[in-house]
Amino acid sequence: LLLSQMNLEPSYLRDNALSILEQAKNLYLDLFKGKPHMGEFEAKRVAVVGDTHGAFFEVTKFVLESLIKEVDLVVFLGDYVDRQPPYGLENLIAVLQAFVETKGERVIPLRGNHESPITNHYYGFYDEVAEKLGADKYDAFRDFFAHMPLTAVVNGWFAVHGGLPGVQKDDKMELGIRSPQEVNELVRIPDENPDNPIAMQLLWNDPREMREYDFIPSLRGDGIYYFGERPTEEFLEKGNLRGILRGHETANAVRVLMGGKVINVFSSVYHGEAAGVLIMEGSEPKEVFVITPGLDVMKLPYGQIQGY
């Protein structure tokens with residue numbers, strides 16, 4: 001019933017963007033009390049959507065019109081805006097409308113590193129808002145992004161846009177959070193850029209299959225790191241978690257790392273490879289919807305995708 005109220009016409013999404021944005025912000029505050037960690041979600045069948053970056057017509061409409069009918073929960077891992085195609089506004093508002101209409105019971109949108117003025121002025125979203133709504137309207141988006149939660153646990157998996165954060169202890173980096181709940185102790189929102197180093201790394205860090213180092217500086221810039229297998233295993237063990245679901249790095253639909261402990265879902269089309277949506281049944285990754293650059297949709301068993 002709730003889903004039937006959704007209107008995915010681009011003109012409707014543009015015309016109602018600021019109203020839906022405000023409703024979504026109020027729902028976040030109502031449901032999660034301004035906490036950056038959304039808590040635990042359990043659902044029989046879950047769709048996990050990675051970075052969409054404006055792929056409204058190619059990916060997000062398919063998820064919200066068709067795929068949502070086959071699953072009990074859709075988790076979006078962030079990065080709705082910036083890059084190409086130039087429909088970041090419609091893409092973001094469509095996801096937030098689904099979040100609002102289902103009262104957060106069927107759709108949960110996390111923040112990505114592109115939900116930030118740091119990237120929006122360079123990768124296109126600020127200009128898109130200026131062109132479609134007027135430059136003065138960007139402040140509402142900047143404020144909304146600052147209030148978005150960063151993490152959740154879904155069927156025993158830690159969902160986050162980027163990855164695990166590190167902290168400097170004496171002469172080395174060590175794991176910065178021991179459990180998902182610690183995110184609420186160490187991070188405060190609203191945080192616009194974000195400036196908190198733990199929040200920054202949750203959105204920006206990347207996994208690497210390395211054992212000789214726990215954390216090493218990332219090519220992405222200062223204060224951003226690659227995290228290795230030992231901190232991943234430590235975090236999963238201490239938190240009693242199955243694995244990490246994340247986006248952030250381009251992949252041909254899905255990339256599986258660290259023997260299945262980390263699953264990288266990428267749902268964009270700008271990089272010229274396939275977009276992927278991961279389907280979980282309970283805590284088991286089951287299949288992947290692969291949307292090719294030619295926009296054919298294939299459903300593959302998860303086992304087949306590991307080296308895709």
Side-chain angles (χ1 to χ4, degrees), residues 18 20-41 51 75-82 92 95-96 99-100 103-104 107-121 125-126 138-154 157-169 173-206 215 218 220-225 227 231 234-235 238-239 241 244-248:
L18 296 180
I20 292 170
L21 204 62
E22 188 174 356
Q23 291 173 63
K25 179 182 166 182
N26 290 336
L27 185 58
Y28 275 138
L29 291 169
D30 185 40
L31 294 178
F32 310 113
K33 313 300 179 213
K35 301 282 191 195
H37 176 61
M38 289 170 125
E40 298 192 13
F41 296 82
D51 312 31
V75 180
F76 286 90
L77 298 173
D79 278 18
Y80 312 95
V81 303
D82 284 338
L92 171 70
V95 172
L96 297 181
F99 171 59
V100 168
K103 298 180 168 52
V107 174
I108 53 171
L110 296 174
R111 184 181 184 179
N113 65 304
H114 279 264
E115 279 70 62
S116 165
I118 292 178
T119 56
N120 294 162
H121 288 277
F125 186 59
Y126 173 82
Y138 176 73
D139 281 350
F141 290 88
R142 190 174 62 192
D143 175 68
F144 176 78
F145 293 156
H147 285 85
M148 288 185 84
L150 311 178
T151 61
V153 171
V154 181
W157 289 73
F158 184 59
V160 63
H161 181 73
L164 297 178
V167 288
Q168 192 74 34
K169 284 281 168 74
M173 295 278 293
E174 61 178 52
L175 187 61
I177 54 171
R178 295 292 191 276
S179 72
Q181 293 73 25
E182 278 194 18
V183 173
N184 283 341
E185 297 164 25
L186 298 171
V187 174
R188 293 281 174 271
I189 53 177
D191 189 347
E192 200 170 279
N193 286 320
D195 295 315
N196 176 296
I198 296 287
M200 183 75 173
Q201 292 181 64
L202 286 166
L203 297 184
W204 283 87
N205 282 6
D206 295 302
F215 290 88
S218 170
R220 291 185 187 270
D222 290 346
I224 305 166
Y225 300 88
F227 63 96
E234 182 188 346
F235 178 73
K238 288 205 158 86
L241 296 161
I244 297 171
L245 301 169
R246 54 94 63 178
H248 196 39

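Just so you know, these numbers use all the heavy atoms, side chains as well, and skip hydrogens, waters and symmetry mates. Throughout, numbering of the chain's residues begins at 1 and tracks the sequence.
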Give a yes or no on this: more than 12 heavy atoms of other residues, nucleotides or ligands lie within 6.0 Å of atom [atom1] of [X].
X: Gln181; atom1: CD; value: yes
X: Asp222; atom1: CG; value: no
X: Lys169; atom1: NZ; value: no

Handout entry: CA sep, side-chain torsions, deciding dist, call: Leu245, Phe158, side chain to side chain contact (heavy atoms under 4.5 Å, CB included)
Key = CA-CA 6 Å; Leu245 301 169; Phe158 184 59; over 6 Å; no

Heavy-atom donor-acceptor pair, [X] side chain to [Y] backbone, under 3.5 Å:
X: Asn120; Y: Ser116; result: yes
X: Lys103; Y: Val100; result: no
X: Glu115; Y: Tyr80; result: yes
X: Asp51; Y: Gly247; result: no
X: His147; Y: Lys25; result: no
X: Asn205; Y: Gly162; result: no
X: Asn196; Y: Leu186; result: yes

Can you find a pair of side-chain heavy atoms, one from [X] and one from [Y], that are under 4.5 Å apart?
X: Leu175; Y: Leu164; value: yes
X: Phe76; Y: Leu92; value: no
X: Val75; Y: Pro109; value: no
X: Asn193; Y: Pro117; value: yes

Practice task
Apply the side chain to side chain contact (heavy atoms under 4.5 Å, CB included) test between His37 and each candidate in Leu202, Val160, Val153, Leu150; give the one that qualifies.
Solution key: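 Looking at Leu202, Val160, Val153, Leu150, the match for His37 under the side chain to side chain contact (heavy atoms under 4.5 Å, CB included) is Val153.
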
Handout entry: Candidate pair Arg111 and Asp79, rule salt bridge (Lys or Arg N to Asp or Glu O under 4.0 Å), full reasoning
Key = CA-CA 7 Å; Arg111 184 181 184 179; Asp79 278 18; over 6 Å; no

At what distance, to the nearest 0.5 angstrom, does [atom1] of [X] lie from [atom2] of [Y]?
X: Phe235; Y: Ile177; atom1: CZ; atom2: CD1; value: 4.0 Å
X: Leu203; Y: Met148; atom1: CG; atom2: CE; value: 10.0 Å
X: Lys35; Y: Glu185; atom1: NZ; atom2: CD; value: 9.0 Å
X: Gln201; Y: Arg220; atom1: CD; atom2: CZ; value: 13.0 Å
X: Gln23; Y: Leu96; atom1: CD; atom2: CG; value: 10.0 Å
X: Ile189; Y: Tyr28; atom1: CD1; atom2: OH; value: 9.0 Å

Problem - Verdict with reasoning, Arg246 to His161, per side chain to side chain contact (heavy atoms under 4.5 Å, CB included) - result: CA-CA 5 Å; Arg246 54 94 63 178; His161 181 73; over 6 Å; no

Closest heavy-atom contact between [X] and [Y]?
X: Met38; Y: Pro149; result: CG-CB, 3.5 Å
X: Ala140; Y: Leu18; result: CB-CD2, 3.9 Å
X: Gly104; Y: Leu31; result: CA-CD1, 4.0 Å
X: Leu110; Y: Ala159; result: CD1-O, 3.6 Å
X: Trp157; Y: Ile244; result: CE3-N, 3.5 Å

Practice task
Report the C-alpha separation of Glu174 and Val167 in whole Å, then their side-chain angles, then the decisive distance to 0.1 Å, and conclude whether the side chain to side chain contact (heavy atoms under 4.5 Å, CB included) test is met.
Solution key: CA-CA 5 Å; Glu174 61 178 52; Val167 288; 4.2 Å; yes

Problem - Ring centre gap for Tyr138 and His121 strictly below 6.0 Å - result: yes

Problem - is_close_aromatic(Phe141, Phe125), centroid dist under 6.0 Å - result: yes

Exercise for the section: Give the intermediate values and the outcome of side chain to side chain contact (heavy atoms under 4.5 Å, CB included) for residues Ile108 and Phe41. Expected result: CA-CA 10 Å; Ile108 53 171; Phe41 296 82; 3.7 Å; yes

Practice task
Kindly indicate, with the supporting measurements, whether the criterion side-chain hydrogen bond (donor to acceptor under 3.5 Å, both in side chains) is fulfilled by Thr119 and Asp82.
Solution key: CA-CA 8 Å; Thr119 56; Asp82 284 338; 3.1 Å; yes

Exercise for the section: Please work out which of the three classes, parallel, tilted or perpendicular, describes the rings of His248 and Trp204, given edges at 30° and 60°. Expected result: perpendicular

